[in-house]
Amino acid sequence: MGTFDFLKPSRSNHQAEFKPFTFYSDRHQRYENGQPVYGLQQCGRTFTVEKNVNGCDGYIIEPGVGYIVRATNEDTGRDQFAPKPMKIVSQSAEKVELRGYLTKARTPFGYVDFDVSDYGFVVYYRDGHIDKCVFHMYDRNVYIEYMGSEQKPGLSMKTDKYSKIIDEATFNPFKITTDPRLNANLKLPEMTSVFRRELEDLFDKLSGIDGGAKMWGNMLAGYAFSMIESYYKNAGYVPKVIMDQILEQIFNALRTSRYASRFSSVTLIDLKDKMYHDLTTK
């Protein structure tokens with residue numbers, strides 16, 4: 001089982017080249033035919049751009065080609081839209097443009113040709129940091145601009161229910177902290193593919209055991225616990241933004257693993273509720 005023993009807290013977010021990432025937006029604006037509509041929406045969305053390692057569920061695509069773009073609605077913990085296989089079509093220091101391509105998608109009638117090039121995802125950078133992401137629906141002349149949090153990670157966490165759990169906890173053995181000074185500008189390395197491989201190895205061992213859903217759930221929680229514990233042993237505390245990123249990457253690894261169907265009813269919120277409760281309750 002892998003650990004974060006190599007990991008040191010870092011405040012450097014410099015991005016010299018395009019790398020897979022997770023981006024949180026707390027507000028977005030929709031545009032139709034170039035005009036803003038509906039007003040500025042204040043709600044959380046998390047975007048993940050990951051390398052295509054094993055293909056993408058729901059599509060027939062060649063493993064190793066391009067990237068998979070995903071979005072999570074933080075109000076529900078469920079997908080904001082279906083995962084989109086994309087390739088980089090242009091790249092500069094200021095922005096990277098990804099766009100879908102012709103593939104085959106799964107339908108109730110089998111796999112059919114599906115032109116994902118109707119969709120695009122553009123990542124804009126400022127001073128080496130992701131400033132905003134824009135999701136395009138070219139066939140409808142619609143795009144949605146997702147802005148990053150107005151405050152640095154950690155400074156607005158007091159409105160988060162998990163921050164309240166931490167701040168009110170009398171039991172906190174891993175020293176999970178919401179202190180803004182210990183949370184600002186922290187970025188977890190992209191570990192989704194590592195998590196996926198290790199989770200599949202764990203679940204392979206369970207596949208022949210009659211333990212029921214509870215055993216599978218406990219194995220997932222135990223794996224998440226071990227990753228958070230590894231960070232704590234290395235740093236002496238766990239910033240809340242790092243704990244959230246660990247859980248987000250584990251969840252993304254889970255839903256792209258061979259065992260995703262076993263956890264189809266589990267949301268990211270379910271995983272967070274479980275881990276924040278277990279790590280602050282004797």
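Computed over heavy atoms, backbone and side chain alike; hydrogens, waters and symmetry mates excluded. Residue indices begin at 1 and follow the sequence shown.
With contacts defined as side-chain heavy-atom distances shorter than 4.5 Å, the pair Arg45/Phe23 does not qualify. Considering only heavy atoms from C-beta on, Met215 stays 4.5 Å or farther from Asn218 through its side chain.
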Stepwise side chain to side chain contact (heavy atoms under 4.5 Å, CB included) test for Tyr119 and Met137: CA-CA 5 Å; Tyr119 301 95; Met137 292 168 275; 3.8 Å; yes
What's the verdict on salt bridge (charged side-chain N to carboxylate O under 4.0 Å, His left out) for Lys161 and Asp273, showing C-alpha distance, side-chain angles and the deciding distance? CA-CA 10 Å; Lys161 71 174 182 178; Asp273 284 349; 3.1 Å; yes
Determine, stepwise, if the pair Asp278 / Phe225 fulfils side chain to side chain contact (heavy atoms under 4.5 Å, CB included). CA-CA 9 Å; Asp278 287 359; Phe225 181 97; 6.0 Å; no
Take Met227 and Ile250, measure what side chain to side chain contact (heavy atoms under 4.5 Å, CB included) needs, and give me the verdict at the end. CA-CA 9 Å; Met227 295 299 99; Ile250 288 176; 4.1 Å; yes
Show the numbers, then the answer: is there a side-chain hydrogen bond (donor to acceptor under 3.5 Å, both in side chains) between Asp204 and Tyr259? CA-CA 9 Å; Asp204 283 346; Tyr259 294 93; 2.4 Å; yes
Assess whether side-chain hydrogen bond (donor to acceptor under 3.5 Å, both in side chains) is satisfied between Thr22 and Gln249, documenting all intermediate values. CA-CA 8 Å; Thr22 297; Gln249 290 194 27; 5.0 Å; no
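Nearest heavy-atom pair, Phe81 versus Val69, reported as atom, atom and distance to 0.1 Å: CE1-O, 4.0 Å. Looking at every heavy atom in both residues, Cys133 comes nearest to Val123 through SG-CG1, 4.2 Å. For Ile61 against Pro85, the heavy-atom pair with the smallest separation is CD1-CB, 3.8 Å. Contact detail for Leu254 and Phe203: the closest heavy-atom pair is CD1-CE1, 3.9 Å.
For Asp118, the salt bridge (charged side-chain N to carboxylate O under 4.0 Å, His left out) test picks out no residue, with sequence neighbours left out.
Ion pairing of Glu190 with Lys19 is absent here, as no side-chain N (NZ or NE/NH1/NH2) approaches a carboxylate O to less than 4.0 Å. Look at Asp244 and Lys240 and you find a salt bridge, because one of the NZ, NE, NH1 or NH2 atoms lies within 4.0 Å of a carboxylate O, short of that distance. Glu50 has a carboxylate O that lies under 4.0 Å from a charged side-chain N of Arg70, or vice versa, which qualifies the two as a salt bridge. With salt bridges taken as basic N to acidic carboxylate O contacts below 4.0 Å, none links Lys274 and Asp270. Under a 4.0 Å N-O distance rule, the pair Arg30/Glu32 qualifies as a salt bridge. Salt bridge status for Glu248 with Lys272: present, with a side-chain N to carboxylate O gap under 4.0 Å. A salt bridge links Asp57 with Arg106: the closest approach of a Lys/Arg side-chain nitrogen to an acidic carboxylate oxygen falls below 4.0 angstrom.
In this structure, Lys51 is not positioned above the aromatic face of Tyr67 in the sense of NZ or CZ being under 6.0 Å from the six-membered ring centre and within 45° of the axis. Because its NZ or CZ atom is not both nearer than 6.0 Å to the ring centre of Tyr111 and within 45° of the ring axis, Lys104 does not count as a cation-pi partner of that residue.
Classification of the Tyr232-Phe174 ring pair by plane angle, with boundaries at 30° and 60°, yields parallel. Below 30°, between 30° and 60°, or above 60°: for Phe263 and Trp216 the angle between ring planes is above 60°, a perpendicular geometry.
Residue pairs meeting the ring pair (Phe, Tyr, Trp, His ring centres under 6.0 Å) criterion with at least one partner in residues 28-47, sequence neighbours excluded, are His28-Tyr146, Tyr31-Tyr143, Phe47-Phe121, Phe47-Tyr146.
Side-chain contact annotation: Glu198 with Tyr223, donor-acceptor N/O pair under 3.5 Å present. Donor-acceptor pairing under 3.5 Å is recorded for the side chains of Arg196 and Thr256. Looking at Asp179 and Thr177, their side chains never bring a donor and an acceptor atom within 3.5 Å of each other. Thr48 and Asn252 share a donor-acceptor pair across their side chains, judged by distance under 3.5 Å alone.
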